[in-house]
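Working notes, beginning with the structure itself.
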Amino acid sequence: MVLLDIDYITRGEKAVIRLFGREKNDADENSIIVLDDGFQPYIYVVPHDLEQCHEQIKELDVLKVERVEMKDLARKKDFIKVTFNHPQDVPKLRDKIRDLTSVKDIREHDIPFYRRYLIDKGLFPMAEVEVEGKTATHQEINEISNDCLANIFELEGEIRPISSDFPNLNVLSLDIEVYNPKGMPKSEEDPIIMISLSSNQGLQKVLSTAESPLDFVETVDSEAEMLRRFVEIVQEENPDLLIGYNSDNFDFPYIKDRAELLNIPLNLGTDGSQLKFIKKGFANAALVKGRVHVDLYLIMRRYLQLDRYTLERVYLELFDQEKQDIPGDEIHRYWSEGGDKLETLFKYSLDDAVTVTEIGEKMLPLTLELTRIVGQPFFDVARMTTGQLVEWYLIRKAYEQGEVVPNKPSASQYSNRRGKRAAGGYVKDPVKGLHENIVYFDFRSLYPSIIISKNVSPDTLVAECDEDKCHISPERGYMFLKEPAGFVPSIIGNILNERVRLKTMMKESQDEDEKKFLNVQQEALKRLANSMYGVYGYSRFRWYRLECADAITAWGRDYIKKTMVKAEDFGFKPVYADTDGFYAVYQQ
DNA sequence: GTGAACCGGGG
DNA sequence: GTGTACGGTTCAC
């Protein structure tokens, strides 16, 4: 099956992982939920005194205490692995453990249970997994609602990844219109007047309480009926992906508020569960179990560099076409006036949903690919910053290499780090004037290349070293061991090698679809490699190391300046430079 | 210069 | 949910 999403429920005292999936390439197939009760949460403890630590922790209400050897920034160390009965025991007991006299520190104590599961089992969402041995189970004992539409199974054997093609996904986009004559919509008073839906399976529909001769309009008696019908259509279409534009913070919260007011259940999940919200900092994330809700607004902010991110602006950028728009404060007039105006409103409303589908088809493949590389749920990856993406990729790699993951910075460490910044790239202010015979030079992936060639990594950074055994950064004089390959450099190396392999395959391929798919994959790897530099310089990150960030930019400045000097020897006069490239004028 | 306040998208 | 949190710009002093 294709693994769409994952979470866990509690059955009795036990945590049970739920894997949400669907048979591959079969949009009509029922949804599947596989339950696995055979996985337990754990953390690592750094002991002052191994024996005493072992004894003290054993006294607590934990499942297992064992001594393990793991690497900590490449150095082998003894840790104590503490396994818990339930994920919620971790926050309950970790402070107690940290405060024990025999304990120096605790590690990997803040990794969500479902993420731990994906990493430890080697599973990748949005890719195919093989479920070896499963038996049908009853929903009553699994706290799953009567409205559950999925087939539920209990995992008997193993679950493992199998390489697969890009999954065929059933996508449904939505957009709502609200009657708001008095400024921004208020869900306590302003009703939803239209719900527009567009799928990649051919559905185009606007639900509304108004009548229209337009064939895509389905008229219902009331707003309550409109919401009921919306739920019904989602269940019928059974999409893998639900997409919207700013739907995390507008459409879904609004639908939820109105549904509550009108007492309509929003059982949109494949398990029959209600629409939920997760607080994500200042913002919401709307969660529909078993389907992946993606808010394209966030994705566009990540991939496009624009002044504004309205749907119209984004559409113009991606398709080079103007999209007509009715200003928000005029919608109520179009609605009240009826006739041609109402017809226009219907058309624009549907067009917004169709546009979201189009933008999704164009832009989601890259995020899907990143999901399949980073190995965290698509829902999460679609809401992660590039820095978080890199961090979770590294956490998985750390597991594979037997490395214990560094802790997130404490509040004081964070504020301490925030004050400092690595020096930036070299910038030469442009020489004013109109230049002719301009040539441009730039380094391909300058920072990733420096990290690899100079082995810049927290585990290779040393205070003292023989000159022939280490790389010494210009200006700052930071020292990095030449051998062995550091944790981060080796990972970037693998990413770039894999990218070269994909690009070669792309050139050799005759199949246009395959070419496109390989291209998205290599783009995803490029993004990841280019973001790696950030983990050293961003204060919130586990692998933060100012010395590494500082050394990389120092080498970068050194390379670009040396190259400019060389270019001048050949008669190229640089007129402008920035970080990894420069413009020059050729003079005879 | 510093820290608090504000803002994004959506109708 | 192994909760707890963005980043950039403008404003007020």
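Just so you know, these numbers come straight off a predicted model, no measurement behind them. Lettering follows sequence order; numbering is per chain, from 1. FYI, side chains are in, hydrogens and waters are out, and symmetry mates aren't considered; it's all heavy atoms of this structure.
- Residue-level contact check: Pro91(A) touches the backbone only, with heavy atoms under 4.0 Å from sugar-phosphate atoms and none from bases.
- Residue contacts shown for Ile331(A) are limited to sugar-phosphate atoms, with no base heavy atom under 4.0 Å away.
- Looking at heavy-atom distances under 4.0 Å, Tyr309(A) makes contact with sugar-phosphate atoms alone, never a base.
- Rounding to the nearest 0.5 angstrom, the gap separating the CE atom in Met363(A) from the CG atom in Leu368(A) is 12.5 Å.
- At whole-Å resolution of the value, OH in Tyr117(A) and P in dG1(C) are 19 Å apart.
- Residue Leu298(A) is classed as having no contact, given no heavy-atom separation below 4.0 Å to the nucleic acid.
- When the nucleotides dA5(C), dG9(B), dG11(B) are ranked by their closest atom to the side chain of Thr310(A), dG9(B) comes out on top.
- Taking every side-chain heavy atom of Arg301(A) into account, dG9(B) is the closest of dG11(B), dT2(C), dG9(B).
- When the P atom is compared between dG9(B) and dT9(C), the two are found 14 Å apart, to the nearest whole Å.
- Remark: P of dG10(B) and OH of Tyr179(A) are 22 Å apart, rounded to the nearest angstrom.
- Using a 4.0 Å heavy-atom criterion, one finds that Tyr254(A) contacts no nucleic acid atom at all.
- Classified by interplanar angle (parallel below 30°, tilted 30° to 60°, perpendicular above 60°), the ring pair Tyr42(A)/Phe39(A) is perpendicular.
- Taking only side-chain nitrogens and oxygens, Arg308(A) never comes nearer than 4.0 Å to OP1 or OP2 of dC7(B).
- Between Tyr538(A) and the phosphate of dC6(C), there is no side-chain N or O to OP1/OP2 separation shorter than 4.0 Å.
- Residue contacts shown for Asp89(A) are absent, as no nucleic acid heavy atom lies under 4.0 Å away.
- Residue-level contact check: Gly183(A) touches the bases, meaning some heavy atom is under 4.0 Å from a base atom.
- Lys323(A) has a carboxylate O that lies under 4.0 Å from a charged side-chain N of Asp352(A), or vice versa, which qualifies the two as a salt bridge.
- When only modelled atom types and interatomic distance are considered, Ser247(A) and His293(A) share a side-chain donor-acceptor pair under 3.5 Å.
- Spacing between atom OH of Tyr414(A) and atom P of dT4(C) amounts to 14 Å, rounded to whole angstrom units.
- The side chain of Asn246(A) lies closest to dG9(B) when the candidates are dG11(B), dG9(B), dT2(C).
- Within the nucleic acid shown, Asp110(A) comes within 4.0 Å of at least one base atom, counting heavy atoms only.
- The side chain of Asn180(A) approaches dG11(B) more closely than any other nucleotide in the set dG11(B), dT2(C), dG10(B).
- Proximity note for Leu311(A) (side chain, C-beta onward) versus dG11(B), dG10(B), dG1(C): the nearest is dG10(B).
- Spacing between dA5(C) and dT10(C) at atom C1', rounded to whole Å, works out to 22 Å.
- When each of dG1(C), dG11(B), dT2(C) is scored by its nearest atom to the side-chain atoms of Ile278(A), the top-ranked nucleotide is dG1(C).
- Taking 4.0 angstrom as the limit, Arg540(A) places a side-chain polar atom (N or O) nearer than this to OP1 or OP2 of dG7(C).
- For the side chain to side chain contact (heavy atoms under 4.5 Å, CB included) with Tyr44(A), the qualifying choice from Val68(A), Ile80(A), Ile106(A) is Val68(A), the only one to do so.
- Counting only heavy atoms from C-beta outward, the side chains of Thr553(A) and Tyr447(A) approach each other to under 4.5 Å.
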